[in-house]
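FYI, side chains are in, hydrogens and waters are out, and symmetry mates aren't considered; it's all heavy atoms of this structure. Order of the sequence lines sets the chain letters (A, B, ...), proteins ahead of strands, with each chain counted from 1.
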Amino acid sequence: MAEVTDELKEKVIKYLETVPHAKNRDVARALGDEKALVDKAIAALAKEDKIEYIYLGASFVKLKGKKMVD
Amino acid sequence: MGRTDIGPPDFHEMLPDVIKKNYGTWKYHEIPRPGVLKHVAESGDTVYTVRAGSPRLVSVDFIRDICDIADKHCDGHLRFTSRYNIEFLTPNEKNVDLIIADLKKLGLPVGGTSPGISNIVHTQGWIHCHSAATDASGLVKAIMDEVYEHFVETKLPNHVRIAVGCCINMCGAVHCSDIAVVGVHTKPPRPDHDRVVAQCEIPTTIQSCPTGAIRRHPDQSMKSVVVKEDLCMYCGNCFTVCPAMPLADAEGDGVAIYVGGKVPNARKPPMFSRMVIPFLPNRPPRWPEVVQAVKKIVDIYAANAKPYERVGEWIERIGWEAFFRRTEIPFTEQHIDDFTHAVETYRTTTQFKW
Amino acid sequence: MGRTDIGPPDFHEMLPDVIKKNYGTWKYHEIPRPGVLKHVAESGDTVYTVRAGSPRLVSVDFIRDICDIADKHCDGHLRFTSRYNIEFLTPNEKNVDLIIADLKKLGLPVGGTSPGISNIVHTQGWIHCHSAATDASGLVKAIMDEVYEHFVETKLPNHVRIAVGCCINMCGAVHCSDIAVVGVHTKPPRPDHDRVVAQCEIPTTIQSCPTGAIRRHPDQSMKSVVVKEDLCMYCGNCFTVCPAMPLADAEGDGVAIYVGGKVPNARKPPMFSRMVIPFLPNRPPRWPEVVQAVKKIVDIYAANAKPYERVGEWIERIGWEAFFRRTEIPFTEQHIDDFTHAVETYRTTTQFKW
Amino acid sequence: MADETPLLDELEKGPWPSYVTEIKRMAKKNAAAKDLLGIQEQSYKDRVTHWKHGGIVGVTGYGAGVIGRYCDSPEKFPDAASFHTMRINQPAGWFYTTKSLRTICDIWEKYGSGMTNFHGSTGDIILLGTTTENLQPCFDTLTEAGFDLGGSGSALRTPAGCVGQARCEWSNIDTLGLIHDLTMEFQDEIHRPRWPYKFKIKASGCPNDCVAAIARADFTIIGTWRDALRIDQAAVQEYVKKGLDIQELVVRRCPSEALVWDAKTQELKLLVDDCVRCMHCINVMPKAVRPGIEKGATILVGGKAPIIKGAYLSWVLVPFMKVEPPYDEMKDLLRKIWEWWDENGRTRERLAELIERLGFKTFLREMGLKPVPQMVKYPRSNPYVFFDR
Amino acid sequence: MADETPLLDELEKGPWPSYVTEIKRMAKKNAAAKDLLGIQEQSYKDRVTHWKHGGIVGVTGYGAGVIGRYCDSPEKFPDAASFHTMRINQPAGWFYTTKSLRTICDIWEKYGSGMTNFHGSTGDIILLGTTTENLQPCFDTLTEAGFDLGGSGSALRTPAGCVGQARCEWSNIDTLGLIHDLTMEFQDEIHRPRWPYKFKIKASGCPNDCVAAIARADFTIIGTWRDALRIDQAAVQEYVKKGLDIQELVVRRCPSEALVWDAKTQELKLLVDDCVRCMHCINVMPKAVRPGIEKGATILVGGKAPIIKGAYLSWVLVPFMKVEPPYDEMKDLLRKIWEWWDENGRTRERLAELIERLGFKTFLREMGLKPVPQMVKYPRSNPYVFFDR
Ligand code: SRM
Ligand code: SRM
Ligand code: SRM
Ligand code: SRM
Ligand code: SF4
Ligand code: SF4
Ligand code: SF4
Ligand code: SF4
Ligand code: SF4
Ligand code: SF4
Ligand code: SF4
Ligand code: SF4
């Protein structure tokens with residue numbers, strides 16, 4: 001499988017700026033990238049403390065510090 | 001940042017020597033007395049297990065206490081069971097009495113083996129959960145005090161698995177227990193409109209309701225929701241996704257009792273528990289009505305079931321109408337299913353008892 | 001205008017004397033030989049019944065023929081059974097042989113008593129119904145020819161009720177028969193747009209579809225409907241309300257075979273029949289594949305079931321997997337339910353045979 | 001039309017009496033029957049039906065009892081171009097005098113194809129195939145002779161019952177008396193369709209259910225008893241002496257373990273409270289075991305075939321009802337059901353489907369009936385409970 | 001806060017060990033535990049919970065393992081104002097050295113309330129109650145000591161298995177080895193929620209199912225065998241000699257009539273093909289009957305509690321699978337399931353609900369599995385069949 005690139009991580013962040021929160025699947029669909037790769041990118045961003053997980057009856061990712069509900 | 005994703009310790013490091021040596025080659029077991037198991041391996045080796053009850057919600061000092069016993073008699077090893085009991089394993093028969101004596105000093109009962117009543121699988125309740133319609137730990141304590149004899153003795157037709165779920169999320173195998181006590185709300189959620197705006201996604205909230213009871217607030221400017229109360233069955237699903245829709249209520253909350261579930265494939269296939277008492281009030285600290293109801297069901301089962309029959313198997317043999325007659329529990333509208341697969345529960349035969 | 005609402009003749013006028021006299025005071029019965037019943041009343045009176053097979057679809061001359069027999073031996077009375085057989089009742093034992101001899105002359109078989117195979121409950125088929133996916137009378141004739149021995153003899157573990165429904169409306173107790181043959185379409189309806197406009201109400205037609213497969217025609221000016229073919233399961237409900245949506249098709253139509261249903265409450269409660277062969281082609285005049293399949297199921301049942309076990313009880317005892325293994329009928333996707341209560345049919349236990 | 005019927009001719013072979021032979025018998029003297037034969041041969045060739053939906057045909061004052069039918073090839077089969085069916089309400093229990101049967105035959109030979117079904121699967125006599133013009137005169141002649149039409153369409157369908165007390169020792173109710181009484185009481189409901197869909201009533205005298213009432217009636221009446229079944233020990237011993245393996249074939253098959261065979265005293269003991277009146281021990285030993293004496297019926301509702309929501313077996317509604325003329329309790333219940341169903345049912349929604357949609361609870365409340373455990377196989381397992389507060 | 005807890009004090013009476021006593025033990029030395037006691041007394045008085053939803057709390061890089069929790073009366077109970085739970089992944093089979101337990105105790109006494117659950121009902125060690133600030137240091141110290149967090153949220157939840165071959169003669173698979181291997185393989189899936197909802201895996205070594213896998217795991221692994229169970233006739237006779245009523249208590253209880261007791265030869269015969277491996281005869285006579293030797297597991301899917309569509313017991317998916325390291329077949333199946341579910345599942349839709357919505361057929365096709373009768377209790381009764389044409 002391809003490796004996570006900085007471009008991909010950047011794309012993920014760009015996308016997350018446009019939504020309150022999202023599922024990995026939605027991010028992958030929006031970016032048109034392979035889901036397994038996006039999963040990896042999101043894991044990397046989580047470890048870098050750039051994104052965080054929230055729980056609203058189900059879990060989502062969001063940009064760290066972004067408002068939860070529109 | 002520290003290490004991540006290291007996973008749990010390898011269980012091999014945790015196994016006592018006699019287990020490591022005879023792993024996968026056990027031959028048979030006996031239950032010499034309630035709370036004590038004797039497993040014999042192909043090699044001829046034997047391991048004794050002493051099982052002790054635990055409140056599950058324990059302090060670190062409690063853990064240290066039981067570690068002391070394990071250090072003294074079990075070479076520093078112990079395990080817990082899938083029902084929160086503590087098991088002390090030893091190859092030495094003579095240690096059994098010593099372990100039991102030390103447990104006695106701690107006030108911990110030895111027992112929980114079949115056919116009796118083991119520990120109650122339960123959940124957080126008022127100790128930690130926002131969703132709770134009752135308390136779990138208190139109910140467990142009150143019920144176990146009452147059926148204590150069945151923990152320390154093994155005189156029932158088969159084991160009776162009791163579970164407590166503090167809301168209908170039923171964390172645990174509540175839906176397949178011989179007797180299950182489930183916290184229930186009986187009043188609809190009360191949307192706090194100001195907080196709904198701030199904390200909830202309206203579409204998600206509306207979508208969360210299994211019965212479609214949640215609608216947009218007619219006043220568009222409110223950006224909130226209303227609940228059609230006649231459609232609400234108090235499941236709390238909306239509250240899970242929208243904290244601004246509380247349903248907890250001192251009068252409206254209480255517990256329901258379900259019976260007849262089982263998990264094993266032994267004899268009859270696994271069965272769901274079924275509702276026999278729709279509502280009993282929350283009466284902390286000791287929930288007397290609930291405790292008495294559980295006791296009564298256990299007693300009638302003990303007196304009437306055949307050996308090896310689980311509660312559900314016994315009821316299936318005598319028929320639910322006989323169960324209600326013998327326990328004198330009133331049968332009501334609430335007992336009749338009206339959810340998705342309701343029709344599968346209606347009686348399609350003239351076979352029944354009077 | 002003539003009289004209306006006079007209702008059927010009073011049955012009292014139709015009863016033979018021995019029946020009238022002993023009405024409600026019968027004591028017991030025996031089955032001295034296949035096709036003959038002997039009922040004894042509290043009074044000591046006896047009535048013999050000779051049961052004869054009938055094709056059900058008969059000419060008025062056939063009725064006159066059997067009336068001749070009844071006039072000769074039964075004081076001008078007879079009855080039919082709930083499975084279309086003809087019953088000749090007489091208090092005189094010696095008439096039994098005479099009746100049988102006369103029936104023989106007419107070519108009518110005597111039998112149909114338990115434990116055997118009685119007449120096949122069936123329906124109109126190509127003889128009279130617009131809805132038919134197969135013919136009923138032809139299938140019945142072909143199957144009865146093949147299992148004839150079981151009509152005239154009583155050597156099965158219990159009776160085997162066979163039914164034929166010529167479409168899934170299943171006119172008859174097809175859904176609760178030991179063996180049921182059901183006509184099925186397997187191609188979606190083809191809306192004839194010109195006729196839809198003239199003959200059908202669009203909203204009713206759309207609403208008639210259980211799976212929501214029918215949509216308005218995208219071209220508004222068409223005033224017709226289209227069928228989403230992947231959602232269609234060929235039930236024909238749309239055709240019932242809208243004649244302009246035929247589904248009949250020489251290649252696509254055929255029959256499915258269901259087994260294991262029963263109606264009585266004896267031993268096991270009533271059961272539904274369940275699909276074992278999703279599709280066999282229509283091969284008139286004798287439907288050889290269908291006849292062979294029925295024969296095979298009867299034979300394997302006869303060889304393996306215990307006394308009094310109905311087909312469904314036998315299968316329940318040995319398990320469906322064993323039924324499919326023994327009959328060598330392939331198990332396919334189509335066997336797995338995917339309708340409303342599908343999940344109730346999935347196996348929720350590790351209990352099964354290999 | 002062609003006179004050759006090579007495909008159908010195959011069905012004149014074999015031991016079972018042939019319907020083809022029957023059509024041919026009529027075809028010799030009746031043009032409609034002759035065309036019916038031709039149409040059937042055509043269908044066997046084409047492997048599709050050649051009948052179309054019926055239009056609006058019937059007799060004056062009725063909306064039921066006639067099934068209209070037209071052939072899709074009238075040019076080829078002009079004498080069966082219209083081929084309507086008349087449903088004639090059978091006498092309860094399907095008992096006939098030959099006189100009454102011959103009368104029907106004569107009338108039908110005059111006005112119709114001469115082909116019949118004895119009987120339709122609801123229970124009516126089916127007179128197969130006549131023209132629109134002949135419907136009314138045929139009907140008038142039939143009523144003259146004392147026969148009337150049965151139900152069809154969104155009406156009460158012709159009720160039917162098992163032979164019952166006329167010839168069966170096990171019947172706990174007078175099925176024939178009851179069915180006749182209900183049929184007479186509800187003539188208007190049978191003849192003038194007014195409801196969301198069809199409604200069927202069937203009565204069996206005991207749980208053997210010899211008219212399959214539980215599977216194909218919206219209102220199912222099954223005879224039963226409230227006391228203990230009666231055992232004649234001497235007769236039991238007789239069966240055992242004759243070789244009946246009573247332990248294996250009777251005691252073990254009892255669904256509720258209500259029987260005990262004492263091999264020593266040769267006594268068959270009944271645990272009265274445990275018997276669920278399944279009939280099995282009675283069926284096996286008719287001379288030795290009989291139903292009890294406190295007789296009545298269990299009323300169940302909802303049985304039907306698969307259209308639309310799937311097939312249903314009837315559900316227990318009233319565990320025990322006394323069944324005696326004038327049957328007021330039962331008639332009241334029927335009227336209550338019809339009123340609620342007619343008020344709330346959607347088009348083509350049978351009673352069971354309405355109960356499923358609105359809930360058994362609502363149904364019970366409307367009927368004024370108290371919930372009892374006999375109504376369910378088992379109580380609910382899901383916690384989605386409504387309370388009235 | 002008040003120091004009086006009259007209601008809770010009642011729960012220190014009676015023979016069963018008291019959780020109240022446990023909280024009080026900690027309350028003496030820990031402020032958070034003291035406030036927990038106060039909150040619980042308050043709830044007993046008010047009969048409602050005093051906890052609110054958790055917000056976004058966790059440790060860096062993870063989206064799971066911490067349940068955030070806040071008290072609704074922080075002014076009254078400041079030391080339990082935030083009271084988050086940490087779920088610590090237990091060693092497979094819940095075996096511990098006292099050393100490892102003491103380590104956890106020391107860490108938790110330092111960073112948290114000192115209150116725990118041994119264990120949570122999924123199987124984790126639950127460390128009950130700490131502050132947001134303490135989460136990360138506590139986690140770092142735990143991983144130093146060799147422990148890691150378990151699952152929560154829309155993630156793979158901590159897998160669990162029965163004691164299995166470690167101390168049970170009936171285990172047909174190495175539940176501990178398997179559970180540990182799967183847990184290690186799927187660390188990312190456990191710690192970073194990405195799916196529509198939670199997903200649980202549980203393994204029991206035999207059909208007694210001592211971790212209730214069939215009732216509460218989306219992916220249920222139950223050990224079984226393909227050949228005949230093994231009977232030691234001498235040992236059987238020993239049980240009988242000791243008074244076991246083998247006919248009544250074993251043979252009659254066999255669900256598939258697979259056992260025959262020959263009283264004459266004192267032999268217990270097995271009809272191998274009929275045994276459905278229910279375990280009953282083994283359970284009653286552990287010294288005489290044992291599972292077979294061709295061992296593996298049945299895989300079932302879908303078990304869960306009632307939210308939202310109702311409770312489900314798991315459904316048979318793979319009747320028999322060999323279960324040996326590296327467990328590739330099982331891991332492939334898991335990945336296939338997750339991919340399909342993640343692609344098609346709605347938010348908060350568990351696997352069973354998705355299968356129900358899209359159909360078992362679709363699911364099987366996606367998994368590349370052939371339909372077999374073992375998957376169903378019985379075939380469909382309705383005629384609403386789809387064909388691919
Ligand atoms: C230690 C434990 C497994 C573990 O990994 O922790 C365990 C251990 C044994 N179980 Fe279990 N079972 C354990 C939880 C369960 C559960 C799960 C649960 O309760 O949530 C079940 C299924 C739940 C249920 O029954 O509904 C379970 C259903 C059984 C059965 C089936 C009984 C039946 O007839 O229905 C047996 C067989 C028996 O008891 O004869 C069994 C038998 C056994 C044996 C005899 C197996 C053996 O040969 O070693 C073990 C000792 C039994 C005893 O306690 O009398 N075990 N057993 C669990 C002890 C729990 C406790 O502390 O009480
Ligand atoms: C801690 C624990 C109960 C306990 O005291 O042991 C627990 C606690 C919660 N469960 Fe659970 N569940 C716990 C085991 C279970 C189980 C049992 C199991 O996993 O074997 C179940 C039933 C099996 C299942 O998953 O279906 C279970 C079924 C639920 C459900 C219903 C899910 C469903 O699909 O039906 C919910 C509701 C939800 O997810 O929104 C839920 C939700 C919750 C939440 C997160 C409350 C919520 O609505 O968000 C609870 C957090 C309480 C708290 O404040 O700590 N919990 N939950 C258990 C986890 C401890 C551990 O990791 O070991
Ligand atoms: C005449 C008839 C009633 C009527 O009003 O017309 C009738 C008459 C009797 N039935 Fe029946 N049954 C009749 C249709 C039925 C039906 C309805 C059907 O087939 O559609 C059923 C339920 C359908 C089913 O079985 O799925 C039916 C299920 C029974 C049973 C239950 C058998 C069982 O074990 O499942 C018995 C008891 C028995 O045979 O031992 C029974 C027993 C009897 C007895 C012995 C009752 C008696 O004491 O007189 C009668 C003679 C039985 C025989 O034929 O061997 N009858 N019987 C029907 C004859 C139909 C025919 O021509 O073959
Ligand atoms: C004539 C008869 C079959 C026979 O050959 O015996 C028959 C024939 C038709 N039935 Fe029927 N049904 C006949 C008894 C039944 C039965 C059996 C019963 O009544 O005991 C059933 C199953 C029980 C039930 O009512 O559920 C039955 C269930 C149906 C259904 C499905 C109803 C449902 O709710 O599932 C339909 C479809 C419909 O109504 O649209 C139907 C529709 C029809 C129609 C009217 C066709 C249609 O789609 O409009 C058939 C007319 C055929 C024709 O051209 O003559 N017929 N139908 C039976 C009536 C004869 C009589 O009066 O004695
Ligand atoms: S059962 Fe309900 S109240 Fe109890 S822990 Fe689970 S979610 Fe919370
Ligand atoms: S509690 Fe349940 S039923 Fe009531 S509104 Fe909320 S989600 Fe709907
Ligand atoms: S089963 Fe179908 S085809 Fe046959 S008569 Fe009934 S409606 Fe017509
Ligand atoms: S045949 Fe049935 S499923 Fe197909 S379009 Fe018509 S009504 Fe819908
Ligand atoms: S249903 Fe019962 S009473 Fe009626 S004929 Fe059949 S056996 Fe006799
Ligand atoms: S009627 Fe049926 S339930 Fe009653 S004793 Fe006889 S066999 Fe048993
Ligand atoms: S599930 Fe089976 S193998 Fe595992 S502990 Fe229980 S009895 Fe033993
Ligand atoms: S394991 Fe169960 S099914 Fe198999 S022989 Fe033993 S009791 Fe019968």
Side-chain angles (χ1 to χ4, degrees), chain B residues 1-9 11 14-15 19 23-24 26-29 39 55-64 67 70-71 76 79-80 82 107-108 121 126 130 132 137 141 144-145 148 168-173 175-176 210 243 248 250 263-267 270 282 284-285 307, chain E residues 7 10-11 14-17 19 22 25-26 43-44 47-49 51-53 60-61 89 91-98 101 105 108-109 114 117-118 121 140 143 146 148 165-167 169 176 183-184 187 207-209 211-212 214-216 253 255 278-280 286-287 305 307-308 311 313:
Chain B
M1 203 176 87
R3 298 187 297 168
T4 61
D5 299 304
I6 62 169
F11 66 95
M14 305 292 180
L15 300 177
I19 296 291
Y23 197 95
W26 297 101
K27 193 162 169 208
Y28 69 88
H29 77 276
H39 284 81
R56 183 179 98 121
L57 172 52
V58 295
S59 66
V60 290
D61 287 339
F62 177 97
I63 300 297
R64 290 171 180 139
C67 283
D71 283 337
R79 80 175 285 267
F80 294 83
S82 60
L108 298 184
V121 162
W126 294 334
H130 61 281
S137 311
K141 166 73 173 139
M144 285 311 292
D145 278 345
Y148 185 81
I168 66 163
N169 287 340
M170 296 194 187
C171 299
H175 55 294
C176 295
V263 163
N265 294 278
R267 299 169 312 281
N282 271 333
Chain E
L7 293 168
E10 286 298 312
L11 290 177
W16 188 251
Y19 81 97
E22 288 301 319
R25 269 174 100 169
M26 245 11 253
S43 277
Y44 273 47
R47 288 178 293 146
V48 288
T49 184
W51 299 107
K52 298 193 303 183
H53 282 65
T60 308
N89 198 134
W94 302 289
F95 278 93
Y96 296 91
T97 55
T98 51
L101 283 175
C105 290
W108 189 237
E109 182 150 15
N117 289 139
F118 273 85
S121 61
D140 292 340
T143 50
D148 198 347
Q165 298 184 343
R167 199 207 48 208
E169 67 271 30
L176 305 194
T183 306
M184 297 310 286
Q187 282 292 299
N208 280 331
D209 195 2
V211 290
I214 204 167
R216 50 197 189 118
R253 303 295 168 92
C278 86
M279 296 295 299
H280 178 70
K287 288 187 186 170
I307 297 292
I308 301 173
L313 286 159

Item to complete: Using the test salt bridge (Lys or Arg N to Asp or Glu O under 4.0 Å), find all partners of E/Arg25 that sit at least two apart in sequence or belong to another chain.
Response: B/Asp65, E/Glu22

Worksheet item: For E/Lys287, is it the side chain, the backbone, both, or neither that has a heavy atom closer than 4.5 Å to a heavy atom of chain B?
Response: both

Worksheet item: Can you tell which of E/Lys52, E/Glu169, E/Met26 has the highest number of heavy-atom pairs within less than 4.5 Å of chain B?
Response: E/Glu169

Worksheet item: So, does B/Asn265 use its side chain to make a donor-acceptor pair with the main chain of E/Pro207 at under 3.5 Å?
Response: yes

Worksheet, complete the sentence: Most heavy-atom pairs under 4.5 Å with chain B, out of E/Glu109, E/Met279, E/Arg253, belong to E/Arg253

Discussion item. Taking every non-hydrogen pair under 4.5 Å, which of E/Leu7, E/Leu11, E/Asn89, E/Asn208 racks up the most with chain B?
Written reply: E/Leu11

Discussion item. Can you tell me which of B/Ala248, B/Pro264, B/Pro285, B/Pro307 forms the most heavy-atom pairs within a distance under 4.5 Å of chain E?
Written reply: B/Pro285

Worksheet item: Which region of E/Ile214, side chain (C-beta onward) or backbone (N, CA, C, O), has a non-hydrogen atom less than 4.5 Å from a non-hydrogen atom of chain B, or is it both or neither?
Response: side chain

Worksheet item: Between B/Lys141 and E/Gly14, which heavy-atom pair has the shortest distance, and what is it?
Response: NZ-O, 3.4 Å

Worksheet entry | Part of B/Cys171 within contact of chain E (heavy atom distance under 4.5 Å) | both

Response to the item:
Comparing B/Val263, B/Ile19, B/Ile6, B/Asn282 against chain E, the one with the most heavy-atom pairs below 4.5 Å turns out to be B/Ile6

Worksheet item: What are the two closest non-hydrogen atoms of B/Ile63 and E/Leu101, and how far apart are they?
Response: CG2-CB, 4.0 Å

Discussion item. I need the minimum non-hydrogen distance between B/Phe11 and E/Ala92, along with the two atoms involved.
Written reply: CB-O, 3.5 Å

Item to complete: Look at the side chain of B/Arg79 and the backbone N and O of E/Gly93, then say whether any donor-acceptor pair between them is shorter than 3.5 Å.
Response: yes

Worksheet, complete the sentence: OG (B/Ser82) and CG (E/Asp209) are apart, to the nearest 0.5 Å, by 9.0 Å

Worksheet item: If we only count heavy atoms from C-beta on, is the E/Trp94 to B/Met14 side-chain gap below 4.5 Å?
Response: no

Worksheet item: With a 4.5 Å limit on heavy-atom distance, are the side chains of E/Thr143 and B/Thr4 in contact?
Response: no

Practice prompt. Could you tell me the separation between the CE atom of E/Met184 and the CG atom of B/Asp5, rounded to the nearest 0.5 Å?
Written response: 9.0 Å

Discussion item. Under the rule for side-chain hydrogen bond (donor to acceptor under 3.5 Å, both in side chains), what residues qualify as partners of E/His53, not counting sequence neighbours?
Written reply: none

Fill in: Atom of E/Ala305, atom of B/Asn169 and distance for their closest heavy-atom approach
CB-O, 3.2 Å

Fill in: Separation of B/Leu108 CG from E/Trp16 CH2 (nearest 0.5 Å)
8.5 Å

Worksheet item: Which pair of non-hydrogen atoms, one from E/Gln187 and one from B/Pro8, has the smallest distance, and what is that distance?
Response: NE2-CD, 4.1 Å

Worksheet entry | Short side-chain to backbone donor-acceptor contact, B/His175 and E/Ala215, under 3.5 Å | yes

Fill in: Region of B/Tyr148 that comes under 4.5 Å of a non-hydrogen atom in chain E
side chain

Fill in: Closest non-hydrogen atom pair between B/Cys176 and E/Leu313, with its separation
SG-CD2, 3.6 Å

Discussion item. Taking B/Arg267's backbone N and O only, do any of them form a donor-acceptor pair with E/His280's side chain (distance below 3.5 Å, no angle check)?
Written reply: no

